[in-house]
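See below for the structure under consideration.
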Amino acid sequence: MQERDYFGRYDTKEQELNRVSSFSVLMRKVYTWMAMALVITGVTAYGVANSPALIQAIYGNPVLFFGLIIGELALVWGVSARIHKLSLTTATLLFILYSVINGVTLSSIFIVYASSTISEAFLITAGTFGGMSILGYTTKRDLSKLGSYLLMALIGIIIASVVNIFLKSSGFDLILSYLVVLVFVGLTAWDTQNIKNMLEVEGDTGEGAQKVALLGALTLYLDFINLFLHILRILGNSRD
């Protein structure tokens, strides 16, 4: 319970301690939910890859495969756009569902790449992601302008990737992979700082604050996955 001083005001020191405590709990939830989603995706991808029947059903049926891709995009958009209207339970279940579907669509990496390459890519990604997330959390520099530039660069890369579907240039595709890695290295720092700033203004660990933390976990999960996939592509191409 908060104590009042002689003039009937709340003790600001106690308020500050409560705010700091809530912030620490929320930041832990961000990384816990993100790690949970990565584990679910990894286990799902590995399980599907080891089931010839599932692989045939998914990759042998373009309608089903592209349906899963569309489902992923719809889930990300739905959770991001309606997070404040969804209950925390519903938003969490949708995040888990997205992690599962993403694992299904990423199962092909266990067929295309050697286990050693996948492990190496994961370790490099984890180290890079961890370092940039720490940088984004601890830096005093405002990264908001950097984030704007990175998002514009990402849009440009997406357009270039679509163009390369018709050009079918493996060299250009590799260059794009390096650029994507650079962009998501920066976005990891920017997103971490942005999440930190949003959670710092939350005064408690209520459902509203936890939904903000869940959205932050989804954002960092996407950063990690994109980093991993393009680092994996770079390593795989270098060993072909």
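When a residue number appears, it is its place in the shown sequence, counting from 1. Atoms considered below: every heavy atom in the structure, side chains included; atoms not considered: hydrogens, waters and symmetry mates.
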Quiz prompt | CG on Leu135 to OG1 on Thr139, rounded to 0.5 Å | solution = 5.5 Å
Self-check item: ILVMFWY cluster, Ile96 and Leu214 together (side-chain gap under 4.5 Å)
Solution: yes
Self-check item: Distance-minimising heavy-atom pair for Gly236 and Tyr113
Solution: CA-CE2, 3.8 Å
Quiz item: Taking everything shown except Tyr46 itself, do over 12 heavy atoms lie less than 6.0 Å from its OH?
Solution: no
Quiz item: Is there a side-chain contact between Ile83 and Leu218, using heavy atoms and a 4.5 Å cut-off?
Solution: no
Quiz item: Do side-chain atoms of Asp173 reach the backbone of Ser169 as a donor and acceptor pair under 3.5 angstrom?
Solution: no
Exercise. Go through Leu38 and Ile225 one step at a time and tell me if the side chain to side chain contact (heavy atoms under 4.5 Å, CB included) criterion holds.
Key: CA-CA 8 Å; Leu38 288 174; Ile225 290 294; 3.8 Å; yes
Practice problem: Can you see which heavy atom on Phe23 is nearest to which on Glu200, and at what distance? | Solution: CE1-CG, 3.5 Å
Exercise. Following the transitive rule for hydrophobic clusters with a side-chain heavy-atom cut-off under 4.5 Å over Ile, Leu, Val, Met, Phe, Trp and Tyr, establish whether Val112 and Ile58 coincide in one cluster.
Key: yes
Quiz item: Which heavy atom of Ala49 sits nearest a heavy atom of Phe110, and at what distance?
Solution: CB-CB, 3.6 Å
Practice problem: List the atom of Thr192, the atom of Gly136, and the distance in Å for their closest heavy-atom pair. | Solution: CG2-C, 4.2 Å
Quiz item: Is the shortest heavy-atom distance from the side chain of Val76 to the side chain of Tyr98 under 4.5 Å?
Solution: yes
Quiz item: Would you say Arg28 and Ser24 make side-chain contact, with heavy atoms under 4.5 Å?
Solution: yes
Practice problem: Report the relative orientation of the aromatic rings in Phe228 and Phe122; use parallel for angles under 30°, tilted for 30 to 60°, perpendicular for over 60°. | Solution: perpendicular
Quiz item: If only atom types and distance count, is the side chain of Tyr59 paired as donor or acceptor with the main-chain N or O of Thr105 below 3.5 Å?
Solution: yes
Self-check item: Test item: Gln193 side-chain N/O and Leu143 main-chain N/O as donor-acceptor pair under 3.5 Å
Solution: yes
Quiz item: In chain order, what residues pass the side-chain hydrogen bond (donor to acceptor under 3.5 Å, both in side chains) check against Thr90, with sequence neighbours excluded?
Solution: Ser87
Quiz item: Is there a chain of hydrophobic side chains (I, L, V, M, F, W, Y, each step under 4.5 Å between heavy atoms) that links Phe66 to Leu64?
Solution: yes
Quiz item: Can any side-chain N or O of Lys211 pair as donor or acceptor with the backbone N or O of Leu86 at less than 3.5 Å?
Solution: yes
Quiz item: Do the side chains of Val39 and Met36 get nearer than 4.5 Å, heavy atoms only?
Solution: no
Practice problem: Please report the shortest heavy-atom distance between Lys196 and Tyr137, naming the atom on each side. | Solution: NZ-O, 2.7 Å
Quiz item: How far apart are the closest heavy atoms of Val181 and Leu227, and which atoms are they?
Solution: O-CD2, 3.7 Å
Quiz item: Distance-only, no hydrogens or angles: does the Ser51 side chain make a donor-acceptor pair with backbone N or O of Val48 under 3.5 Å?
Solution: no
Quiz item: Heavy atoms, side chains only, cut-off 4.5 Å: are Trp33 and Gln210 in contact?
Solution: yes
Quiz item: Same cluster or not: are Ile175 and Ile158 linked, directly or through other Ile, Leu, Val, Met, Phe, Trp or Tyr residues, by side-chain heavy atoms under 4.5 angstrom apart?
Solution: yes
Self-check item: Leu176 side chain reached by Phe172 side chain, heavy atoms, under 4.5 Å
Solution: yes
Self-check item: Min side-chain heavy-atom separation Thr44-Ser99 under 4.5 Å
Solution: no
Quiz item: Is a donor on one side and an acceptor on the other found under 3.5 Å between the side chain of Thr205 and the backbone of Ser22?
Solution: no
Exercise. Could you give me the CA-CA distance, side-chain angles and deciding distance for Phe224 and Met34, then say whether side chain to side chain contact (heavy atoms under 4.5 Å, CB included) is met?
Key: CA-CA 9 Å; Phe224 190 100; Met34 175 198 158; 3.7 Å; yes
Quiz item: How many angstroms lie between atom CG of Leu229 and atom OG1 of Thr125, to the nearest 0.5 angstrom?
Solution: 8.5 Å
Quiz item: Is there a donor-acceptor contact under 3.5 Å from the side chain of Thr138 to the main chain of Ile134?
Solution: yes
Practice problem: First locate atom OG1 of Thr117, then atom CG of Leu235, and finally report the distance between them rounded to the nearest 0.5 Å. | Solution: 6.5 Å
Quiz item: Atom CG of Asn164 and atom CG of Leu174: how far apart are they, to the nearest 0.5 Å?
Solution: 11.0 Å
Quiz item: Between CG of Leu222 and OG of Ser80, what distance do you get to the nearest 0.5 Å?
Solution: 7.5 Å
Self-check item: Pairwise distance CG(Asn197) to CG(Asp142) - rounded to 0.5 angstrom
Solution: 7.5 Å
Quiz item: Does one hydrophobic cluster hold both Leu88 and Leu93, with members joined at side-chain heavy-atom distances below 4.5 Å?
Solution: no
Exercise. Check whether any side-chain heavy atom of Leu187 sits under 4.5 Å from a side-chain heavy atom of Leu154, and report yes or no.
Key: yes
Self-check item: Other ILVMFWY residues reachable from Leu167 by side-chain steps of under 4.5 Å
Solution: Val163
